[in-house]
Structure formats: structure tokens, C-alpha cells
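Heads up, the thing below is written out as C-alpha cells.
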Amino acid sequence: MRQLIVLSGKGGTGKTSVTAALAHLASGDHEIVLTDADVDAANLGIVTEPAVRSRHVFTGGQVAVVDADLCGACGECVEACRFDAIAMNGDAALVDGTACEGCAACFHRCPDKAIRMEPEDTGEWFVSDTRFGPLCHARLFPGRENSGKLVTEIRRAAADLAAQEKREWVLVDGPPGMGCPVIAASTGCDLALLVAEPSISGSHDLERVLDTLTHFGIPALACINKADLSLEWADRIEGWLGERDVPVVARLPFDRSVTKAMIAKKAITEVGNGPLVTAMRELYEGIEDRLAGRG
């Protein structure tokens, strides 16, 4: 089993469109498992139209609960809470569950032992079937924390599923940025594909995510999406990546048909043709060679 993650360092680079095209191309040659690791705003399902096979509750934290019968209304918990999640309500304290961060400062401060910490369901994750193969994806509830932990949960589920069903590839649509969710999504991957945007912000964010991958020893390839929108920045990014020994496997041209494909719930390689699809195929072949040890 080989695991590939697609990352960008920022949102809006076309990372999911690239992932969908790779899923379509790879599924013709390999048995694959897909993973949408952007649990805050998962959208790989827009293209893959998943049919849910199983649903699971995610418990990602804890929340303080006050026993009004034990509460002496001393206000110690209100003073201890740094998130203004507790207020006095008559003769007892009351916790605002949406503001509570689960730090347990109030629990340890309460002289009456009137506060307990209860597990909190903060999301759900799914195993679904798509035309490309199984998809592991998730939804973090609005305002909830521990997205990195939820990413770890679905990454583990995808790897287990690939092992059970003897599938060759796990293809991960990674989260944007370079924080905890990216680290959780990248762990255990054999290769990262960086989708670069030819702009100042794209270059800056690409540098940050590459530094993260380098720190964890994950090798990388790159493609420059919509490269013809700024050939100057495309050249700059390719030159800089060359200095970091990161090959640019393909330059993907801007093509309005990508939007039409998304509206049709298809990968661009399923419905399109022309220079973009040709470049996508070159990108896929370069990745396949690298994962097979040929490049």
C-alpha cells in the first residue's frame, strides 16, 4: 500500500480538483481508497458523490457541567474560567457549552466538587462508496476543536480499509494551511504532491508547507496550477522548488471547463480534453513512477 497526500499550503489553489482527477486516473490502474482530510470544509464529495456505507460519532473533547444541587454559588469557577464560559444563574453556576474549551480549570478550582467534565461529541466521520473506490471523510461540527484528532481518525480508517481490502493506493485530499490538521493528514504518507498557485501568497504558503514536510521527512513533488495566469511567478516558484530538490512534474493551464466539470459532479479528466487533461495525465504518470520507485 502506498499513500499519497495532495497539499497546497493555502485554500483556493485547485487542490481538490487535482485530487479528483488523480482519483479518476489512478482508479483505472489501481485499487484505491480516497480520504478527504479537510474535516472543516470537506468537498471531495462534490465530485465523487459518496454513498454512505457507515457513520461514526467523533468524541473530540470534553465540556464542563455544573451540578446545581452541589453548587455553593461561590463564583470560584467564574473567576477560574479564562474563556468567559461560566456565569452565575441565581443560586448556581451555568456553563455555556459553546464557549467552554474543556480545560478543566473550573473542575479543579471548585471547592464543592460540583463540576464534572463530560465527553463531548464534536463531529462525525464516514466510510462511503464512490465510483473511484471507498472514501473516508468527516464533518467537524461548527465551532468545535480537535480537527487534527479527527483527521487522524479518518486517516487510520483509510489505512485499515486499504489493508483489509488489499487496495494499492490511499489518496488523501489534504487540508489547507500547514498546522495540526496538515501534520495529522501527512503522517505515514509515502509522498506529497504540492499544488502551487503562481502568486506571491501561493509562493509564501508553499514554502511553509514544504518546510513542514521536510521536518517530518516526507518527500514531495509539485505541480503549478493555472500556471499560465502568471508565467513570471510560475518560473520563480519552479526555480525555488528546484533549489529545494522538489521536481515540478507538470504545469497545469487555466481552463474554464474545470468549473463546468465540478457543476456536473465530475473530474475534469472524465469530461474534458485538451492541454489541461494532457497535463493531468503527465502529472499522474510522474506520481505513479515515483510511487513505484521508477523516478
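Heavy atoms only: backbone and side chains are in, while hydrogens, waters and symmetry mates are out. None of these values were measured; they are calculated from a predicted model. Along the sequence shown, the residues carry numbers beginning at 1.
Atom CD1 in Ile218 sits 10.0 Å away from atom CD in Gln3 (nearest 0.5 Å). Expressed to the nearest 0.5 Å, how far CD of Glu232 lies from CD1 of Ile237 amounts to 10.5 Å. Here the CZ atom belonging to Arg116 is positioned 12.0 Å from the SG atom belonging to Cys106, to the nearest 0.5 angstrom. The distance from atom CG of Leu221 to atom CG of Leu194, rounded to the nearest 0.5 Å, is 8.0 Å. A distance of 11.0 Å separates CD1 in Ile200 from CD in Glu197, rounded to the nearest 0.5 Å. Summarising the geometry, atom NZ belonging to Lys265 is positioned 10.0 Å from atom CZ belonging to Arg131; distances are rounded to the nearest 0.5 Å.
Under the 4.5 Å side-chain contact rule for hydrophobic residues, Phe216 and Leu213 share a cluster. Neither Leu44 nor Phe126 shares a network with the other; the hydrophobic side chains, linked directly or stepwise wherever heavy atoms of I, L, V, M, F, W or Y lie under 4.5 Å apart, form separate groups for each. Cluster annotation: Ile86 is connected to Met88 through the hydrophobic network of ILVMFWY side chains, with a link wherever side-chain heavy atoms come within less than 4.5 Å. Cluster annotation: Val63 is not connected to Phe107 through the hydrophobic network of ILVMFWY side chains, with a link wherever side-chain heavy atoms come within less than 4.5 Å.
In this structure a side-chain-to-backbone donor-acceptor pair under 3.5 Å is present from Asp36 to Asp38. Counting only distance, with no hydrogens or angles, the side chain of Arg167 and the backbone of Ile32 share a donor-acceptor pair below 3.5 Å. The backbone N or O of Arg139 lies less than 3.5 Å from no partner atom in the side chain of Glu124, so there is not a single donor-acceptor pair. No side-chain donor-acceptor contact under 3.5 Å links Glu207 to the backbone of His204. At least one donor-acceptor pair closer than 3.5 Å links the side chain of Ser27 to the backbone N or O of His24. A donor-acceptor contact shorter than 3.5 Å is absent between the side chain of Asp228 and the backbone of Pro253.
Taking the side chain as every heavy atom from C-beta outward, Val172 and Leu4 never approach each other to under 4.5 Å. The shortest side-chain heavy-atom distance between Leu291 and Leu191 falls under the 4.5 Å cut-off. Looking only at side-chain heavy atoms (C-beta outward), Lys149 and Phe58 come within less than 4.5 Å of each other. Put simply, the side chain of Ile268 reaches to within 4.5 Å of the side chain of Leu276, judged on heavy atoms. Contact annotation: the side chain of Val246 approaches that of Leu210 to within less than 4.5 Å [non-hydrogen atoms, C-beta and beyond]. At a threshold of 4.5 Å between non-hydrogen side-chain atoms, the residues Glu153 and His56 do not count as touching. You'll find the side chain of Ile5 stays beyond 4.5 Å of the side chain of Arg155, heavy atoms only. Between Val65 and Ile115 the shortest side-chain heavy-atom distance does not fall below 4.5 Å.
Under the 4.0 Å criterion applied to side-chain N and carboxylate O atoms, Arg53 and Glu165 are assigned as salt-bridge partners. A salt bridge links Asp205 to Arg208: one of the charged nitrogens lies within less than 4.0 Å of a carboxylate oxygen.
His30 and Glu288 form a side-chain donor-acceptor contact under 3.5 Å, judged by distance and modelled atom types alone. Neither side chain, Thr35 nor His137, offers a donor N or O lying under 3.5 Å from an acceptor on the other. For the residue pair Thr122/Glu120, the side-chain donor-acceptor check at 3.5 Å is not satisfied. A side-chain N or O of Asn43 and one of Thr16 form a donor-acceptor pair less than 3.5 Å apart.
Hydrophobic side-chain contacts under 4.5 Å tie Val57 to no other Ile, Leu, Val, Met, Phe, Trp or Tyr residue.
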Check against side chain to side chain donor-acceptor pair (under 3.5 Å), Asn225 and Thr13: CA-CA 7 Å; Asn225 195 26; Thr13 65; 6.0 Å; no
Step-by-step side-chain contact (heavy atoms from CB on, under 4.5 Å) determination, Leu94 to Val66: CA-CA 7 Å; Leu94 182 66; Val66 177; over 6 Å; no
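Between Gly45 and Pro50, the shortest heavy-atom contact is O-CD, 3.3 Å. Minimum heavy-atom separation, Pro134 to Leu161: CB-CD2, 3.4 Å. Contact between Ala184 and Thr152 at its shortest, heavy atoms only, is CB-OG1, 3.5 Å. In terms of heavy-atom proximity, Thr269 sits nearest to Arg281 at O-NH2, 4.4 Å. Across Pro181 and Ser147, no two heavy atoms sit closer than the pair CG-OG, 3.3 Å. Listed here is the closest heavy atom pair of Arg251 and Ala227: CB-CB, 3.9 Å.
For Asp29, the side chain to side chain donor-acceptor pair (under 3.5 Å) criterion is met by Tyr284, not counting sequence neighbours. Residues meeting the salt bridge (charged side-chain N to carboxylate O under 4.0 Å, His left out) test with Asp173, sequence neighbours left out: Lys15.
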